[in-house]
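If you read the sequence from its start, that first residue is 1, and numbering goes on from there.
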Amino acid sequence: MTAGRFAPTPSGLMHLGNARTALLAWLQIRRLGGSFLLRMEDIDGPRSRPDYAEAALRDLRWLGLDWDEGPDSGGPRGPYTQSERLPLYEEALERLRAQGLLYPCYCSRAELAAVASAPHGLASEGPAYPGTCRCLSEEERQERARRKQPSLRFAVPPERIVRFDDEVAGPQETAPGAGGDFVVRRADGIFSYQLAVAVDDAAMGVTHVLRGSDLLDSTPRQLLLLEALGHAAPRYAHVPLLMGPDGKRLAKRHGGISLQALREAGVRPERVVGLLARWSGLLERAEPVMPSELIEAARERPLPLEPVVVREEELRGMLGE
């Protein structure tokens, strides 16, 4: 059965960029007649907050989006919060370890502190790991373990090429061993985003993943994990992002663009959805509309291929100024 998901990270308030991705993911599954799941990716406990998770549910409902299964409604594929799914990730690690695909890493690198968070592309992690700890002898590992708790890395075959077809970006092919060996569990015991999302998509029967293009280059890592764990891969669609006036990915730094701020300013959700639809090529011009009214347009029009710059005058227009 067809199933898709929207999986926000509750580390801040949802903004227009998050809302557009949620809308497009919802429309994709509704036009296919499948089940739409909501999953909270709170794997990074220090950054995630329950109040942000509650705000996300409230914001999505305000927009007119619904879900067939989720943390507030339950369902057969639960639990729907990653922090409640830790035994699944541990089991996956054991299966990978039994295949000789993991090794301890004792390197102290600043970027390891961020690997559990949903990355904005692998570039956010810094240079590819050079494999320093991959060939340590058992004696060397024991000596280093006395000084430092290791992280765990997935060993990527240096000659391995990953290929997949993205429904927006088209055919993708990595260079041999691209990205290097990657962390699946941090030294502090937190499981990585890459492992958790691959395990969850497989366990929940997700067949379609629509998300932002900033995650396109992390997809090969998830494909490698799914293959090693014996799971089929979903179909991926990575949509170009909304960009701020500064040309950077739309984010909280761009000011009052959170859904909560718009709602508190008295903006009607139909106006927000209409603007998101216009930015996504579903409407010729921004006009008030509810998500359910866009399903037919989503059947007929292709997913957007280019990023959209959010102009200040468009936001003022949405606010009725």
Side-chain angles (χ1 to χ4, degrees), residues 5-31 36 38-42 47-68 70-73 118 210-212 239-298 301 304 307-321:
R5 49 79 165 175
F6 179 61
T9 299
S11 58
L13 294 173
M14 290 190 64
H15 55 69
L16 289 174
N18 306 134
R20 177 171 173 262
T21 302
L23 173 64
L24 291 175
W26 185 88
L27 287 171
Q28 179 193 55
I29 297 305
R30 291 297 180 236
R31 69 177 172 82
F36 189 63
L38 183 66
R39 183 174 75 221
M40 283 293 160
E41 297 194 337
D42 64 342
R47 295 180 62 246
S48 299
R49 287 171 37 181
D51 55 324
Y52 286 141
E54 293 171 7
L57 299 178
R58 184 169 59 248
D59 290 340
L60 291 170
R61 283 211 172 87
W62 177 72
L63 277 181
L65 301 179
D66 63 351
W67 43 94
D68 301 292
D72 59 337
S73 54
L210 186 150
R211 56 191 180 188
V239 294
L241 304 177
L242 296 184
M243 312 299 286
D246 56 2
K248 298 180 179 179
R249 182 180 58 86
L250 196 66
K252 291 183 271 299
R253 65 176 175 274
H254 293 109
I257 56 169
S258 72
L259 297 188
Q260 179 173 299
L262 294 171
R263 184 175 65 252
E264 292 175 350
V267 178
R268 297 300 303 161
E270 304 96 297
R271 294 179 67 86
V272 178
V273 173
L275 189 54
L276 296 175
R278 171 67 186 91
W279 286 335
S280 303
L282 298 174
L283 295 176
E284 295 298 330
R285 65 179 185 277
E287 56 188 29
V289 66
M290 292 303 292
S292 58
E293 300 175 72
L294 296 169
I295 295 175
E296 194 59 39
R301 301 196 178 204
V308 174
V309 176
V310 175
R311 306 293 180 186
E312 185 176 347
E313 54 268 25
E314 290 178 304
L315 293 177
R316 288 203 303 269
M318 183 169 61
L319 290 167
E321 298 176 0

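Here the side chains of Leu23 and Pro291 are in contact, with some heavy-atom distance below 4.5 Å. The shortest side-chain heavy-atom distance between Thr9 and Asp42 does not fall under the 4.5 Å cut-off. Looking at heavy atoms from C-beta onward, Val272 lies in side-chain contact with Trp62 at the 4.5 angstrom threshold. Using a 4.5 Å heavy-atom cutoff, the side chains of Phe6 and Phe36 are in contact. A heavy-atom distance below 4.5 Å is not found between the side chains of Leu13 and Leu259. Within the 4.5 Å cutoff, the side chain of Trp279 has no heavy atoms near those of the Val309 side chain. The shortest distance between side-chain heavy atoms of Asp68 and Ile29 does not fall below 4.5 Å. Here the side chains of Arg20 and Leu24 are in contact, with some heavy-atom distance below 4.5 Å.
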### Task
With salt bridge (charged side-chain N to carboxylate O under 4.0 Å, His left out) as the test, would you mind laying out the steps for Glu284 and Arg301 before giving the verdict?
CA-CA 11 Å; Glu284 295 298 330; Arg301 301 196 178 204; 3.1 Å; yes
### Step-by-step salt bridge (charged side-chain N to carboxylate O under 4.0 Å, His left out) determination, Arg58 to Asp51
CA-CA 11 Å; Arg58 184 169 59 248; Asp51 55 324; over 6 Å; no
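Atoms CE and CG, on Met40 and Asp72 in that order, are 8.0 Å from each other to the nearest 0.5 Å. Interatomic distance, CZ of Arg31 versus CD of Glu296, reported as 11.0 Å (0.5 Å rounding). In this structure, Glu41 CD and Arg5 CZ are separated by 5.5 Å, a value rounded to the nearest 0.5 Å. The distance from atom CG of Leu275 to atom CD of Glu287, rounded to the nearest 0.5 Å, is 12.0 Å. The distance from the CG atom of Asn18 to the CG atom of Asp59 is 9.5 Å, given to the nearest 0.5 Å. Between the CG atom in Leu38 and the CG atom in Leu65 there is a gap of 9.5 Å [rounded to 0.5 Å].
Side-chain contact check for Arg211 and Thr21: no donor-acceptor pair (N or O, by modelled atom type) lies under 3.5 Å.
In this structure, Ala53 and Pro10 approach most closely via the heavy-atom pair N-CB, 3.6 Å. Residues Leu63 and Met290 approach most closely at O-CE, 3.7 Å, considering heavy atoms. The two residues Arg278 and Leu283 have their closest heavy-atom pair at CD-O, 3.3 Å. Pairing each heavy atom of Ser73 with each of Trp67, the nearest pair is OG-CD1, 3.8 Å. Between Pro240 and Pro304 the shortest heavy-atom distance is CD-O, 3.1 Å. Taking each heavy atom of Ala25 and Leu210 in turn, the nearest pair found is N-CD2, 3.8 Å.
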